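Reviewing the structure listed below.
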Protein chains: 4
Amino acid sequence: MNETQKKILKSAITLFSTVGFFDTSMKDIANNAKIAVGTIYLYYKSKEELLGGIYKYSSAIVLKRIKLKLKKVSDPLEMLRIIVTESIDLSLKNLDVFMILFVDHKKMAIKNENNSTFNNINEYIKLGKSILIKGKEDGIFDFPDHENFFSGIMGFWSSIILRAVLTPSKLTNKQIKEETLNLFENTIIKGIRCNK
Amino acid sequence: MNETQKKILKSAITLFSTVGFFDTSMKDIANNAKIAVGTIYLYYKSKEELLGGIYKYSSAIVLKRIKLKLKKVSDPLEMLRIIVTESIDLSLKNLDVFMILFVDHKKMAIKNENNSTFNNINEYIKLGKSILIKGKEDGIFDFPDHENFFSGIMGFWSSIILRAVLTPSKLTNKQIKEETLNLFENTIIKGIRCNK
Amino acid sequence: MNETQKKILKSAITLFSTVGFFDTSMKDIANNAKIAVGTIYLYYKSKEELLGGIYKYSSAIVLKRIKLKLKKVSDPLEMLRIIVTESIDLSLKNLDVFMILFVDHKKMAIKNENNSTFNNINEYIKLGKSILIKGKEDGIFDFPDHENFFSGIMGFWSSIILRAVLTPSKLTNKQIKEETLNLFENTIIKGIRCNK
Amino acid sequence: MNETQKKILKSAITLFSTVGFFDTSMKDIANNAKIAVGTIYLYYKSKEELLGGIYKYSSAIVLKRIKLKLKKVSDPLEMLRIIVTESIDLSLKNLDVFMILFVDHKKMAIKNENNSTFNNINEYIKLGKSILIKGKEDGIFDFPDHENFFSGIMGFWSSIILRAVLTPSKLTNKQIKEETLNLFENTIIKGIRCNK
DNA sequence: CATGAATGAGGCTTCATTCAT
DNA sequence: CATGAATGAAGCCTCATTCAT
């Protein structure tokens with residue numbers, strides 16, 4: 001991926017996440033990236049495909065980093081903490097990507113599950129699910145079988161982050177992260193941990 | 001609200017929730033409602049305002065019904081169960097409204113918190129928050145103070161419902177509802193209930 | 001067909017025939033017709049379809065008038081004279097239509113023979129062919145069987161008219177018509193008439 | 001003319017004649033010729049001029065060959081047969097060139113008669129005209145004086161060839177050629193030959 | 001109240017042409 | 001000579017909105 005393409009992606013991510021996909025024109029993206037409109041079409045066949053490119057690119061980064069962090073551990077509880085912690089961390093550090101990846105196109109991602117655009121996102125979800133299952137098998141977690149429990153967890157923390165980020169407040173990102181994780185620990189994790 | 005206006009709202013809700021706000025044209029709405037385009041403008045000044053109308057209308061129904069159900073009880077735990085149960089129930093019975101109210105415009109609702117359009121939604125959230133606080137004060141719940149805990153709960157169940165609804169499966173709405181509530185009960189509620 | 005649609009057709013015929021299909025923009029057509037661009041799309045789904053509309057409309061007029069003139073006669077020789085005379089006459093009176101119908105899109109018409117757009121043109125050609133065949137059967141004409149003889153005749157007079165019209169000269173339309181018919185009479189017709 | 005330039009011409013002729021001038025992009029031509037877009041501009045200042053180059057190039061070949069064939073004879077009747085026979089023969093052997101030279105740009109050629117691009121085509125027509133005139137002067141042909149008789153003849157055979165070529169049929173090129181010439185012989189030539 | 005033809009700004013996309021390598 | 005990434009003007013088309021009936 002060369003510099004021009006990176007500029008396009010960066011510009012599009014910024015605008016899509018703040019102004020929205022439909023209210024961002026290709027010209028806006030070009031201007032913001034300081035290139036010509038036509039140039040975008042050298043890299044992406046359409047606005048739709050540019051959005052797809054953003055998905056692939058962003059989700060690849062997120063997935064890669066989370067997989068890396070998970071390598072070091074094998075305890076499901078620790079793994080669950082890591083996948084949530086890292087997701088929140090990445091989201092707060094790249095709010096643009098967060099908005100697009102975890103907020104805007106939930107619906108779309110599900111509807112197009114077989115589309116390669118969402119491969120990484122789907123792998124991310126599978127990863128989450130497998131952690132939960134392993135935790136249950138290992139007798140560390142206890143919760144009713146449910147296909148979409150991990151999606152619920154994603155909805156939980158992302159909704160909290162979204163409000164925290166959009167509501168004017170004096171909290172720093174670090175505080176937001178810590179408070180959210182603390183809440184997660186003392187509600188969901190507490191609820192599913194097996195008592196010893 | 002006369003019949004014509006109801007037809008407009010019904011048509012717009014259907015289309016916005018399935019096709020999306022931007023991909024639905026005013027003409028589509030008019031055709032679907034079997035009226036003329038111009039007629040819509042007798043009731044709503046703009047497409048934007050029509051969307052606002054949908055919010056107000058839908059959220060009023062949801063809020064009214066939930067308030068009614070809550071009147072009969074005062075135990076915070078029971079109240080929490082009711083607000084979630086009813087929300088899920090209404091969502092599954094009116095998927096169109098659910099998509100718009102709980103999925104599509106999360107972002108928008110927060111950004112326009114002072115806009116009267118979102119009065120009902122905001123009141124709904126306040127209601128949820130107050131239940132949680134009361135539960136804590138009454139010593140029934142135990143969890144770290146967090147401004148957006150209830151938003152997290154909304155994100156939790158709505159993400160689960162969304163996936164359940166969009167993923168092709170053989171589950172009935174009743175099953176979806178029961179499984180989701182069961183999961184909620186055995187994770188979050190279990191996690192915050194005080195053992196005595 | 002209402003006034004607006006007529007204005008659109010008229011404007012498009014003029015511009016397509018003089019400037020050419022590709023060098024005429026939809027905005028040009030709208031300006032020339034003194035309407036808004038969008039209005040064109042109320043009547044024609046695309047520029048392509050507008051061209052199709054012109055074909056249908058123009059060829060319908062030509063075909064109708066020629067059929068009318070042919071009703072009064074049954075002698076193949078006279079019929080052949082009439083179909084050529086009338087075609088030339090109409091062409092000279094409506095050069096725009098002539099350019100489009102008999103010059104510009106010969107290629108296209110053949111390639112899309114089954115497309116309803118060219119129904120009238122194809123019927124016109126069939127009519128011409130049937131006259132030639134009847135003349136031969138009646139022993140009035142004598143020529144080698146050939147599927148495309150009538151097309152050859154069309155090419156003959158239309159090429160002559162085209163040059164006459166485009167070359168700067170002092171000839172009136174009446175003169176052009178008479179000279180062309182005279183030439184046709186004394187070359188092709190003379191060549192195929194049976195001497196008795 | 002080097003190899004690169006020939007590749008450009010060949011590619012452009014193919015594409016212009018099949019897809020059309022406007023629907024062929026410079027990139028298409030470059031891709032088809034397996035060169036870079038920029039290279040075309042080393043040989044032709046613009047797309048327009050490339051088209052001009054095609055005219056000049058193709059018509060030069062046609063004209064040269066026909067002149068060569070005509071050298072051997074002086075009888076106007078034979079010469080007329082040769083110019084038509086050779087034109088048809090070349091057309092069928094190079095349908096691409098035929099489409100461009102004899103079908104597509106009739107209109108353009110006339111309008112730009114003074115443009116050097118069309119020198120060869122115009123010389124070709126002059127040649128045809130002079131044959132007809134000489135035949136008349138020699139008492140071999142008899143027909144009314146007409147500036148554009150030869151254009152009519154061109155329209156005659158080219159229209160027949162065009163239909164024959166585009167209509168799906170089982171005729172070989174040889175058959176098409178023979179049938180067309182036979183028809184020409186027994187209609188126009190028969191019509192203008194002086195009986196002795 | 002209701003209609004739907006008309007409007008025209010603005011968006012997405014193409015493509016002839018340039019120019020630094 | 002050759003390349004092909006970059007340019008940006010211009011075209012087709014959509015659609016929210018208006019207004020005369």
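As the structure is a computational prediction, the values presented were derived from the model and not from experiment. To find a chain, count down the sequence lines: A is the first, B the second, and so on, and within it residues start at 1.
Judged purely by atom type and a 3.5 angstrom limit, C:Lys56 has no side-chain atom pairing as donor or acceptor with the backbone of C:Ser116.
Among the atoms of the strands shown, none is found under 4.0 Å from any heavy atom of C:Tyr44. Within 4.0 Å (heavy atoms only), C:Ile35 reaches sugar-phosphate atoms of the nucleic acid but no base atom.
Put simply, CG on D:Asn31 is 14 Å from C1' on F:dA5, counting in whole angstrom units. In this entry the distance linking CD1 of B:Ile29 with P of F:dC15 reads 12 Å, nearest Å.
Not a single side chain to side chain donor-acceptor pair (under 3.5 Å) links C:Asn94 to another residue, sequence neighbours left out. Contacts of C:Tyr41 classified as side chain to side chain donor-acceptor pair (under 3.5 Å), with partners at least two apart in sequence or in another chain: none. The salt bridge (Lys or Arg N to Asp or Glu O under 4.0 Å) test applied to C:Lys45 returns C:Glu49, not counting sequence neighbours. With sequence neighbours left out, the side chain to side chain donor-acceptor pair (under 3.5 Å) criterion links A:Asp96 to A:Ser17. Partners of D:Ser58 by side chain to side chain contact (heavy atoms under 4.5 Å, CB included), not counting sequence neighbours, listed by chain and number: D:Ile13, D:Ile54, D:Val97, D:Leu101. Partners of D:Ser11 by side chain to side chain contact (heavy atoms under 4.5 Å, CB included), not counting sequence neighbours, listed by chain and number: D:Leu15, D:Ile29, D:Asn32, D:Ala33.
Counting only Watson-Crick or G-U wobble pairs whose defining distances are both under 3.5 Å, the stems of 3 or more consecutive pairs in DNA chain E are E:2-21 with F:2-21.
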>> Using a 4.0 Å heavy-atom cut-off to protein, can you give one letter per nucleotide of nucleotides 9-17 of chain E, 5' to 3': B if the base is in contact, S if only the sugar-phosphate is, - if neither?
In response: --SSBB-SB
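Closest to the side chain of B:Leu42, from the set F:dA5, E:dA2, E:dA6, is E:dA2.
Residue pairs meeting the salt bridge (charged side-chain N to carboxylate O under 4.0 Å, His left out) criterion with at least one member in residues 6-31 of chain A, sequence neighbours excluded, are A:Glu3-A:Lys6.
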